[in-house]
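Shown next, in structure tokens, is the structure this report addresses.
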Amino acid sequence: AWTNNGNVGFTGIQVSVGSTIASLVKGNTIQNISLAGTGYTGFYGIATSFGLVIIDSNLVGHASIANSIYTTGGTVSGGAQIIGILNNSNVASVTSNNTVANITSSTSPSNVNPYVIGIYSSVTISNNTIYNLSCNAASYTIAAAPVGILSANSTTSQSINNNTIY
């Protein structure tokens with residue numbers, strides 16, 4: 001596994017493209033990553049910040065090995081955040097046929113809000129499989145719970161269908 005003990009986050013694939021021609025992020029594997037710094041240790045497997053993007057048939061984490069993506073530490077607000085796939089597009093993008101699995105955030109400082117989100121998107125989310133996400137936050141004052149899919153859509157039509165979360 002690749003281990004980073006520094007106070008930096010990790011983004012596997014970052015995409016920012018135009019909004020008229022679709023860009024494809026397909027068939028990628030992001031796994032075996034450990035972020036163990038004492039400061040910011042956020043993780044984004046695949047992240048889009050703008051544009052028309054199709055995120056299809058990718059693997060973030062490992063299908064069977066526990067803690068394939070693992071963060072620990074974090075002493076600043078938001079210091080232990082993990083998002084498998086973040087599709088922050090503002091146009092009709094698609095996140096489909098992906099697997100996000102075996103991802104853990106483990107932190108103990110009480111001032112850090114640890115969370116694990118499988119897919120965070122405001123566009124079409126379909127036929128994805130998300131499983132074995134966990135948050136271990138022994139001293140955080142609010143219970144930390146993993147989220148399979150988080151939708152943040154307030155302005156456009158959205159479809160969330162045929163996903164499996166366990």
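Heavy atoms only: backbone and side chains are in, while hydrogens, waters and symmetry mates are out.
Listed for the Ser68 side chain is a donor-acceptor partner under 3.5 Å among the backbone atoms of Asn32. Proximity of a side-chain donor or acceptor of Ser93 to a complementary backbone N or O of Val53 within less than 3.5 Å is detected.
Considering all non-hydrogen atoms of both residues, Leu133 and Val116 come closest at CB-CG1, 3.9 Å. When all heavy atoms are compared, the tightest approach of Asn67 to Tyr70 is O-CB, 3.9 Å. Between Gln31 and Gly61, the shortest heavy-atom contact is OE1-O, 3.0 Å. For the pair Asn102 and Ala66, the tightest heavy-atom approach, listed with the atom from each and the gap, is OD1-CA, 3.7 Å. Nearest heavy atom pair, residue Ile125 against residue Asn128, reads CG2-ND2, 3.4 Å.
One hydrophobic cluster holds both Val60 and Val25 under the rule that ILVMFWY side chains link at heavy-atom gaps under 4.5 Å. Linking Ile, Leu, Val, Met, Phe, Trp and Tyr whenever their side-chain heavy atoms come within less than 4.5 Å puts Ile33 and Ile130 in one cluster. Ile30 and Ile54 end up in different hydrophobic clusters when Ile, Leu, Val, Met, Phe, Trp and Tyr side chains are linked at under 4.5 Å.
Atoms OG1 and NE2, on Thr99 and His62 in that order, are 11.5 Å from each other to the nearest 0.5 Å.
For the residue pair Asn87/Thr48, the side-chain donor-acceptor check at 3.5 Å is satisfied. Checking Ser134 against Thr104 by side-chain atom types alone, a donor-acceptor pair falls below 3.5 Å. Judged purely by distance below 3.5 Å, without hydrogens or angles, the side chains of Thr124 and Gln158 never pair a donor atom with an acceptor atom.
Between Phe10 and Trp2, the ring planes are tilted. Angles from 30° to 60° get that label.
Pairs passing the ring pair (Phe, Tyr, Trp, His ring centres under 6.0 Å) check and including a residue from residues 12-34, sequence neighbours excluded, do not occur.
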